[in-house]
Amino acid sequence: MTKRSSIREGRNEGFFSRVYDVTRLVPYGRITSYGAIARYLGTAGSARMVGWALNSSHCNPEFIPAHRVVNRNGMLTGKHHFGNSTTMQQLLENEGFSVVDDRVVDFTEKFWDPMTEL
DNA sequence: ATTCTGACAGCAA
DNA sequence: TTTGCTGCCAGAA
């Protein structure tokens, strides 16, 4: 390989691409957290980067279920980035989630941890 | 190269 | 209990 593998093993592509990749793997009707994704990527503590990556996910031609990514409390901290502040909640409710006060009810039950599932 | 920012997470008051 | 400060890392200006 060229420079990609020489940078560091496991970081074949940009951080953003990896975030998109993991996010796409989140099953329908399940949710995960920024920190969980960050941890899965091997950069625990860089959960902020995950959110920032998802911020640019709209540029990605593929569908990225960014609405299935919430913070560790199950709160829809990124709802403001879906155009309308209610879009994220509606998307989640459309998948069977119950959202109350910007927080996903049964968050722990629907939680999908890439570390465990992958 | 340097500086700033960011959809978090953890811990201290 | 809530509020706020810090660390974290990669990307953009």
Side-chain angles (χ1 to χ4, degrees):
Chain A
M1 290 319 207
T2 53
K3 57 182 181 180
R4 301 199 301 192
S5 58
S6 62
I7 296 176
R8 194 161 291 181
E9 189 177 348
R11 305 192 173 184
N12 43 21
E13 300 183 9
F15 189 85
F16 282 31
S17 295
R18 270 178 287 140
V19 172
Y20 303 153
D21 200 40
V22 176
T23 304
R24 274 196 302 271
L25 294 176
V26 179
Y28 180 95
R30 307 293 291 286
I31 53 181
T32 188
S33 70
Y34 303 98
I37 294 176
R39 235 165 84 120
Y40 176 75
L41 294 179
T43 55
S46 61
R48 310 173 78 189
M49 297 298 314
V50 176
W52 194 14
L54 292 176
N55 187 25
S56 300
S57 64
H58 60 71
C59 297
N60 196 303
E62 300 183 59
F63 170 69
I64 307 213
H67 57 282
R68 295 179 195 152
V69 184
V70 296
N71 74 351
R72 70 177 191 87
N73 296 316
M75 293 172 63
L76 283 50
T77 53
K79 68 171 190 176
H80 201 50
H81 294 266
F82 283 79
N84 254 338
S85 299
T86 56
T87 303
M88 187 176 185
Q89 177 172 339
Q90 290 181 355
L91 285 170
L92 288 170
E93 290 177 337
N94 190 32
E95 295 192 6
F97 293 103
S98 300
V99 181
V100 178
D101 192 33
D102 294 341
R103 190 185 131 200
V104 178
V105 181
D106 301 340
F107 161 70
T108 53
E109 297 180 22
K110 310 261 188 171
F111 184 71
W112 182 85
D113 190 350
M115 294 287 276
T116 304
E117 309 290 343
L118 274 48

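In what follows, chains are A, B, ... by sequence order, proteins preceding strands, each numbered from 1.
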A.B. asks: Check the distance between B:dA7's C1' and A:N73's CG and give it to me in whole angstrom.
C.D. replies: 14 Å

A.B. asks: With a cut-off of 6.0 Å (strictly less than), are more than 12 heavy atoms of other residues, nucleotides or ligands near CZ of A:R39?
C.D. replies: no

A.B. asks: Quickly work out the A:N71 CG to C:dC8 P distance and round it to whole Å.
C.D. replies: 21 Å

A.B. asks: For C:dC8, does the base pair up with any side-chain atom of A:R48 as donor and acceptor (N or O, under 3.5 Å, distance only)?
C.D. replies: yes

A.B. asks: What does A:A38 touch in the nucleic acid at a heavy-atom separation under 4.0 angstrom: a base, only the sugar-phosphate, or nothing?
C.D. replies: nothing

A.B. asks: Between B:dG10, B:dG6, B:dA7, spot the one nearest the side chain of A:M49, thanks.
C.D. replies: B:dG6

A.B. asks: Round to the nearest Å and state the distance from A:M75 atom CE to B:dA9 atom C1'.
C.D. replies: 13 Å

A.B. asks: With sugar-phosphate meaning primed atoms plus P, OP1 and OP2, does A:Y34 contact a base, only sugar-phosphate, or nothing at under 4.0 Å between heavy atoms?
C.D. replies: base

A.B. asks: A:G35 or A:W52: which one's nearest nucleotide on DNA chain B is closer to the 5' end?
C.D. replies: A:W52

A.B. asks: Would you call the rings of A:H67 and A:F63 parallel, tilted or perpendicular, where under 30° means parallel and over 60° means perpendicular?
C.D. replies: tilted

A.B. asks: Over all strands shown, is A:N55 touching base, sugar-phosphate only, or nothing at heavy-atom distances under 4.0 angstrom?
C.D. replies: base

A.B. asks: Provide, to the nearest angstrom, the distance between the CZ atom belonging to A:R39 and the P atom belonging to C:dC8.
C.D. replies: 16 Å

A.B. asks: What's the OH-P distance between A:Y20 and C:dG11, to the nearest Å?
C.D. replies: 10 Å

A.B. asks: In the structure I gave you, are the side-chain heavy atoms of A:M75 and A:V70 within less than 4.5 Å of one another anywhere?
C.D. replies: no

A.B. asks: Expressed in angstrom and rounded to an integer, what is the separation of A:I37 atom CD1 from C:dC9 atom C1'?
C.D. replies: 15 Å

A.B. asks: Give the rounded distance in Å between these two atoms: CG of A:L54 and C1' of B:dC8.
C.D. replies: 12 Å

A.B. asks: Tell me what A:F82 touches on the nucleic acid: a base, only sugar-phosphate, or nothing, going by heavy atoms under 4.0 Å.
C.D. replies: base

A.B. asks: Check every atom of B:dA9, B:dA7, C:dG11 against the side chain of A:H81 and return the nucleotide holding the closest atom.
C.D. replies: B:dA7

A.B. asks: Rounding to a whole Å, what distance do you find between A:K79:NZ and B:dG6:P?
C.D. replies: 19 Å

A.B. asks: With a 4.0 Å cutoff (strictly under), does any side-chain N or O of A:T77 reach OP1 or OP2 of B:dC8?
C.D. replies: yes

A.B. asks: Say you draw a straight line from CZ of A:F111 to OG1 of A:T32; how long is it, rounded to the nearest 0.5 Å?
C.D. replies: 4.0 Å

A.B. asks: Would you call A:T23 and A:R68 a side-chain contact if the rule is heavy atoms closer than 4.5 Å?
C.D. replies: no

